Undergrad: 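I'd like to ask some things about the structure below.
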There are 2 protein chains.
Amino acid sequence: MQQFGRGGFEAASTRAIAAQAGTNISSIAYHFGGKDGLRIACADAVAERIAQVARPLPGLQDRPDLLHARLVLRRLVRRIVTFMIVSPGASDAVAFVLRELAQPDSPVLDRLYTTLVEPRHRALCALWSAATGEPAESEDVKLAVFSLVGQAVYFRVAAPIVRRRMGWRHYARAEARAITRRMLTNLDRMIGGGDG
Amino acid sequence: MQQFGRGGFEAASTRAIAAQAGTNISSIAYHFGGKDGLRIACADAVAERIAQVARPLPGLQDRPDLLHARLVLRRLVRRIVTFMIVSPGASDAVAFVLRELAQPDSPVLDRLYTTLVEPRHRALCALWSAATGEPAESEDVKLAVFSLVGQAVYFRVAAPIVRRRMGWRHYARAEARAITRRMLTNLDRMIGGGDG
DNA sequence: AATTGTATATCAATCGATTGATTGATTGCT
DNA sequence: AGCAATCAATCAATCGATTGATATACAATT
């Protein structure tokens, strides 16, 4: 996944992948049926991993009240940003996913959408609906959720230029805190209550 | 740029590029010195193009008042989103740029940053500062601007999944209007005045 | 306890195909 | 004639995939 995330699927050679894994090239064909099989396996792996990070928090009732929904949303933003910035493998995972999501003819796009994007986005829409009162599956709510997660994704994908512009030497816990603070401010204001 | 944007630099073969351009492979070496030269030329071309889209609007004084700054910001968001969604070549241009910005060892990252990211981001920070009163080069303002443009970028890069989740058959003017409306709402609320 | 059978897994070696780059010849225009 | 541009042809290098041989582990048999 690291090799795929760095420069794209075509840029990663099976030899480089095998070398980094400390094994032989043939093992790719043996275990995954080929380079494309490895691509699908990566999609499944990252779907399962991200699903754990963005999973609904325990203790969330079906019909949460407004304040509770906002609290859960805030905790989810904290967790997502922390995962994106701090977690070591997140960079490659997010890069891999976004590469696949970007090209419409990706062989794993459908898999990633149904197992990862759709359920997570739907859950966030439900929370957003509970926090704002707007209908969950309305066009505007869906776009609002997209614009929220889009921020987080951007802070990971465009990390090199963010670091440079911010003058950050690292991209770790301290920096994640600053990003989280700004994103929580955005969330609070976007939801409506200007209690930053 | 289209070939580079689709599957990445390595995925684009010089033969496919030459074929799409309706010329011979050797012309790449003749005019650009090789595949890497073509990469740099694409970076320069896209930098010039996007610079025009995000350029400061005419009639902007050096020290705009609060309301004027907000108005200019709103018009910039309109223009950027329209360009990202509607403009035919924007998809490839944004895809190309984001691919280069994503990998820290890109040979054109420095070029793109100094000519494209830095000046545009700095101008937006100045506007944001005028619209909110916060210091322009403060950490929080810079992050706020990043989270704003990150939304727009995401709506282009993740277009396939956005379309699918929204149930959109197209990704053109009507859809750009919906995205613009949501992003303007976000902008207004993020800036502070909750006048949606 | 020793041996054999079998499935699992990795290995070096090699396959044809494709890559970016280069060459010398050719074209079109002034 | 002279210059700029494009062309088909070819180069070594690398690509993904495949091959047959080999190593390991565990069950069945002697």
Side-chain angles (χ1 to χ4, degrees), chain A residues 1-49 89 92-93 95-112, chain B residues 1-49 89 92-93 95-112:
Chain A
M1 196 186 307
Q2 188 174 98
Q3 292 280 339
F4 288 156
R6 291 248 190 276
F9 176 75
E10 335 277 349
S13 74
T14 53
R15 285 166 176 83
I17 296 173
Q20 185 174 352
T23 181
N24 194 269
I25 319 174
S26 325
S27 300
I28 298 177
Y30 181 80
H31 289 281
F32 303 99
K35 194 182 179 184
D36 295 274
L38 190 59
R39 188 182 200 170
I40 297 178
C42 284
D44 291 338
V46 73
E48 185 178 3
R49 178 169 187 182
D92 307 311
F96 171 80
V97 170
L98 211 67
R99 280 247 162 75
E100 301 293 339
L101 296 187
Q103 43 184 334
D105 57 339
S106 163
V108 300
L109 191 145
D110 196 85
R111 207 183 202 87
L112 283 175
Chain B
M1 197 185 309
Q2 187 175 98
Q3 293 280 339
F4 288 155
R6 292 248 189 274
F9 176 75
E10 335 278 349
S13 73
T14 53
R15 285 167 177 80
I17 295 173
Q20 185 175 353
T23 181
N24 194 269
I25 320 173
S26 321
S27 299
I28 297 177
Y30 182 79
H31 288 282
F32 303 99
K35 195 182 179 185
D36 296 274
L38 190 59
R39 187 182 201 171
I40 298 178
C42 283
D44 291 338
V46 74
E48 185 178 3
R49 178 169 188 181
D92 308 311
F96 170 80
V97 169
L98 210 67
R99 265 184 214 281
E100 300 294 338
L101 297 187
Q103 43 184 335
D105 58 339
S106 163
V108 300
L109 191 145
D110 196 84
R111 207 184 203 86
L112 283 176

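Owing to the predicted nature of the structure, the values given are computational and were not obtained by experimental measurement. In what follows, chains carry the letters A, B, and so on, assigned in the order in which the sequence lines appear, proteins first and then strands, with residues in each chain numbered from 1.
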Undergrad: Can you give me the closest heavy-atom contact between A:Gly8 and A:Arg99, atom names plus distance?
TA: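 Taking every non-hydrogen atom into account, N-NH1, 3.2 Å.
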
Undergrad: Whole angstroms only, please: what is the CZ-C1' distance between A:Arg15 and C:dT18?
TA: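 Value for this atom pair: 12 Å.
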
Undergrad: Mark yes or no for a side-chain to base donor-acceptor pair under 3.5 Å between A:Ser26 and C:dA12, with no hydrogen or angle criteria applied.
TA: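 For A:Ser26, whose side chain was compared with the base of C:dA12, there is a donor-acceptor pair (under 3.5 Å).
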
Undergrad: Between A:Phe32 (CZ) and D:dT18 (C1'), how many Å, whole number?
TA: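 Whole-Å distance recorded here is 18 Å.
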
Undergrad: Rounding to a whole Å, what distance do you find between B:Lys35:NZ and C:dT19:P?
TA: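 In whole Å, C:dT19 P and B:Lys35 NZ are 9 Å from each other.
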
Undergrad: Step by step, work out the salt bridge (charged side-chain N to carboxylate O under 4.0 Å, His left out) result for A:Glu100 and A:Arg111.
TA: CA-CA 10 Å; A:Glu100 301 293 339; A:Arg111 207 183 202 87; over 6 Å; no

Undergrad: Provide, to the nearest angstrom, the distance between the CD1 atom belonging to A:Ile17 and the P atom belonging to D:dG16.
TA: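 To the nearest whole Å, that distance equals 7 Å.
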
Undergrad: Of all the choices, D:dA8, D:dA5, C:dT14, which nucleotide is nearest to the side chain of B:Tyr30 once you look at every atom?
TA: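 Nearest to the side-chain atoms of B:Tyr30, counting from C-beta on, is D:dA5.
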
Undergrad: List the atom of B:Arg15, the atom of B:Ile25, and the distance in Å for their closest heavy-atom pair.
TA: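 For B:Arg15 and B:Ile25, the tightest heavy-atom pair comes out as CG-CD1, 3.4 Å.
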
Undergrad: C:dT19 P sits how many Å from A:Glu10 CD, rounded?
TA: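 Rounded to the whole Å, the gap is 10 Å.
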
Undergrad: Could you state the CG-P distance from B:Leu38 to C:dA21, rounded to the nearest angstrom?
TA: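 Nearest whole value for this atom pair: 10 Å.
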
Undergrad: Considering only C:dT19, C:dT22, D:dC15, which nucleotide approaches the side chain of B:Ser13 most closely?
TA: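 Within the option list, the nearest is C:dT19.
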
Undergrad: Can you check the B:Ile28 CD1 to D:dC7 P distance for me, whole Å?
TA: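 After rounding, the gap between these two atoms is 12 Å.
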
Undergrad: Evaluate A:Asp36 against A:Phe9 for side chain to side chain contact (heavy atoms under 4.5 Å, CB included), listing each step before the verdict.
TA: CA-CA 9 Å; A:Asp36 295 274; A:Phe9 176 75; 4.1 Å; yes

Undergrad: Looking across every strand, which nucleic acid part, if any, lies under 4.0 Å from A:Ala12 by heavy atom: base, sugar-phosphate, or nothing?
TA: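 Sugar-phosphate contact only - A:Ala12 comes under 4.0 Å of backbone atoms but never of a base.
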
Undergrad: Answer with base, sugar-phosphate or nothing: what part of the nucleic acid does A:Ala18 contact at a heavy-atom distance below 4.0 Å?
TA: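 If one applies the 4.0 Å heavy-atom cut-off, A:Ala18 turns out to touch nothing in the nucleic acid.
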
Undergrad: Compare the minimum distances between each of D:dC7, D:dT10, C:dC11 and the side chain of A:Thr23, then state the nucleotide with the smallest one.
TA: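 Out of D:dC7, D:dT10, C:dC11, the nucleotide with an atom closest to A:Thr23's side chain is C:dC11.
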
Undergrad: Does the pair A:Phe4 and A:Leu38 meet the rule for a side chain to side chain contact (heavy atoms under 4.5 Å, CB included), with working shown?
TA: CA-CA 10 Å; A:Phe4 288 156; A:Leu38 190 59; 4.2 Å; yes

Undergrad: From the options D:dT18, D:dA8, C:dA21, select the nucleotide whose nearest atom is closest to the side chain of B:Asn24.
TA: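 Side chain of B:Asn24 sits closest to D:dA8.
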
Undergrad: Consider the side chain of B:His31, meaning its heavy atoms from C-beta on, and name the nucleotide among D:dG16, D:dA5, C:dT10 that approaches it most closely.
TA: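 Within the option list, the nearest is D:dA5.
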
